[in-house]
Amino acid sequence: MTDEKRIERLSAMLKRRGIVLPAFEIYGGVSGLIDYGPVGASIRRRVIQNWIEHWTINGDIVEIDSPTITPENVLVASGHVGEFNDLMTQCENCSSAFRADQLVEGFHPNPDTLDSEEIDGILSSEKISCPNCEKSQWTLSKPMNLMFGTKIGAMKSSRQAYMRPETAQGMFMLYPSLYRHFRQKLPFGAIQTGKGYRNEISPRQGMIRLREFNMAELEYFIDPENPPLVDLSMNTEKISLIPDPNGNKHKEIKMTFQDAIDNNVIKDSTVGLFLSKTWDFLVRVGINPSKIRFRQHESNEMAHYAEDCWDCEILGEHGWIECVGIANRTCHDLLSHEKHSNSSSLRAWREFEEVKVENREILSPKTSVLGPMFRARAGLVLAALENLSQLPDNLPFKLELSDGTNVEITEEMVEKKMVHNSIAGEWFTPHVIEPAFGIDRIIWHILDHAYEETEKEGENYNLLKLKESVAPADVIVLPLFEKDGMGMAARKLNSEINQINGIKCLIDSSKSIGRRYARADEIGVPWAITVDHQSLEDNTVTIRRRDDQKQIRAEIDELLILINSNMISTLF
RNA sequence: GCGCCUGUAGUGAAGGGGUUAUCACCUGAGGUUUCCAACCUCAUGUCCCGGGUUCAAAUCCCGGCGGGCGCACCA
């Protein structure tokens with residue numbers, strides 16, 4: 001499956017053509033950081049643009065944008081600081097790495113409160129052995145924090161912060177604003193695209209594990225008791241699913257999304273909805289559908305916040321790679337942020353189908369009497385009256401106050417009343433379904449699946465069969481020759497096409513026409529327009545299709561209309 | 001972080017203690033050319049970084065950085 005030579009040739013091409021390159025290369029490069037070059041940046045932008053349009057088209061999801069620098073308390077509440085500060089130690093014999101606090105469990109009541117010196121002490125004094133090789137030689141334990149730390153502000157007043165390890169927290173921070181924006185009605189969602197940061201121990205495999213990466217995340221807030229209706233019967237494609245890895249040992253099955261929901265393979269229908277929409281997106285940007293599968297997380301690899309989680313994996317030269325994670329985070333995040341921030345605005349209101357009416361008899365205080373009578377203690381009396389669980393049979397009676405003293409309540413002080421309390425609904429913490437996309441990984445697989453090595457007249461010939469929606473340019477204009485006014489006509493046409501909104505046109509006039517076709521093919525430009533001698537006479541040009549090199553002739557005016565409406569393919 | 005392998009123009013490679021480091025493709029200029037990496041002339045551009053050994057280091061040694069693979073890690 002892994003063809004290292006093909007990876008090398010593809011990587012060399014990506015570098016040579018300015019698509020994806022190592023970052024900071026003149027200073028030796030930095031592992032886990034990459035650049036998108038002049039061609040790659042266009043591809044990246046279009047993939048992200050497609051992603052945003054894919055989710056916002058129905059109007060129930062909006063785009064937001066929040067800071068990458070995140071104060072520490074936000075990430076304490078989300079669990080990232082705790083999860084990321086574990087002490088790690090390594091066996092000097094077999095190099096296995098372990099969480100130090102887990103090794104000393106049983107030798108200390110609260111191992112996660114220990115600092116590294118204490119934990120090293122226990123490791124050696126108790127001669128704790130390596131679970132792998134049973135030797136007892138440990139390296140000094142070190143905190144492993146996978147977040148990039150930074151400070152907000154300078155000197156004494158500075159505040160600990162981290163570069164965000166995910167964009168999701170930004171959506172949770174904006175929940176109150178989103179709730180108002182959507183007129184206080186669930187379900188709704190928010191998306192955000194942007195950079196995320198994880199200080200990986202060993203970034204590997206080119207674009208697959210990066211330290212700074214492009215993420216695209218959606219948080220979809222739902223009422224767990226009234227989840228959105230899901231009907232996926234339109235999609236009849238059979239999808240590869242690997243459910244319940246703890247049960248039947250990773251058995252891959254193929255069924256439609258609707259069947260998977262109906263048969264409880266996918267337990268949460270909202271999760272199923274997003275699996276399906278994820279599949280649609282990936283196919284739309286050029287991922288080969290036969291190289292997509294969904295795998296349910298095993299319980300032990302589930303993130304600390306997730307209840308049910310499916311990975312979308314894509315097959316490429318690096319094997320099956322997790323490119324999208326779809327998790328039911330339940331109410332974990334919003335609830336935790338409410339607790340840590342003391343805010344009460346991370347909720348939603350659920351109206352009951354019928355208003356619950358509660359009739360209750362109370363002793364309504366006459367404050368004009370109670371006030372002068374009890375003075376400073378009047379407040380306590382009022383509270384005690386309100387909290388009475390059972391009304392006294394007769395008046396006067398003795399009322400116990402919260403300070404332990406008793407007062408006598410007489411008929412003049414209160415009035416027996418019936419109150420009618422109607423309860424229309426209740427506050428609850430919404431659940432959230434989160435599809436999280438690794439954009440760089442997806443771009444890698446788009447390139448991988450689009451990269452085709454062929455032969456042309458005995459020569460190696462490579463091209464990127466990118467979908468039009470993610471190609472770095474829509475068309476390229478090529479004058480057959482620079483002379484006789486063809487170059488001039490080509491430049492005029494190029495600028496005319498570039499004036500069309502959303503259309504990007506390139507122009508190339510150096511070297512032979514064959515070489516220029518080859519260059520355009522290699523960066524995946526789907527259409528090449530050639531200006532030749534005939535063009536100067538009758539205002540026609542030839543249009544060449546990248547994928548089969550077929551050419552047809554058309555009038556420039558007609559062509560401009562077709563480009564504008566994204567319909568060039570109808571010419572063929 | 002550990003182990004093994006590795007680093008030479010934009011890309012891919014050859015070579016290697018001693019004159020000016022080699023080749024192909026690519027890129028640029030000019031010429032030629034009536035549609036698929038053609039041809040001719042010319043040109044730009046390279047030994048990852050630092051230290052050591054040596055009369056002399058791109059070459060040998062050490063360290064760093066980068067890359068590949070395996071182990072571990074990947075909330």
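Each chain gets a letter, A, B and so on, in the order its sequence line appears, and its residues count up from 1.
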Exercise for review: Under 4.0 Å from any atom of RNA chain B, heavy atoms only: list the residues of residues 528-541 of chain A that qualify, in numerical order.
Suggested key: A:Thr530, A:Asp532, A:His533
Practice item. Check if the side chain of A:Gln551 and the base of B:C35 share a donor-acceptor pair of N or O atoms closer than 3.5 Å. Key: yes
Exercise for review: May I ask you to verify if any side-chain N or O of A:Lys15 is less than 4.0 angstrom from the OP1 or OP2 atom of B:U11?
Suggested key: yes
Check your understanding: Do A:Arg544 side-chain and B:C36 base share a donor-acceptor contact under 3.5 Å?
Key -> yes
**Study point:** Side-chain N or O of A:Thr542 closer than 4.0 Å to phosphate OP1/OP2 of B:C35
**Key:** no
Review point. Between the base of B:G70 and the side chain of A:Arg204, is there any donor-acceptor pair under 3.5 Å?
Key: yes
Review point. A:Arg209 has a side chain; which of B:A75, B:A72, B:A37 sits nearest to it?
Key: B:A72
Practice item. Would you indicate which nucleotide in B:C35, B:A37, B:C69 comes nearest to any side-chain atom of A:Ser512? Key: B:A37
Study note, to complete from the structure: All stems that RNA chain B takes part in, i.e. 3 or more consecutive Watson-Crick or G-U pairs with distances under 3.5 Å, are B:1-7 with B:65-71, B:10-13 with B:22-25, B:27-31 with B:39-43, B:48-52 with B:60-64
Point to revise | N/O donor-acceptor pair, side chain A:Tyr27 with base B:C48, under 3.5 angstrom | key: no
Review point. Side-chain N or O of A:Arg198 less than 4.0 angstrom from OP1 or OP2 on B:C74?
Key: no
Check your understanding: Any donor-acceptor pair under 3.5 Å between the side chain of A:Ser202 and the base of B:C73?
Key -> no
Check your understanding: For B:C26, does either OP1 or OP2 sit under 4.0 Å from a side-chain N or O belonging to A:Arg17?
Key -> no
Check your understanding: Are A:Arg293 and A:Trp320 in a cation-pi contact, defined as NZ or CZ under 6.0 Å from the six-membered ring centre and within 45° of the axis?
Key -> yes
Review point. RNA chain B: A:Phe481 or A:Gly32, which has the more 5' nearest nucleotide?
Key: A:Phe481
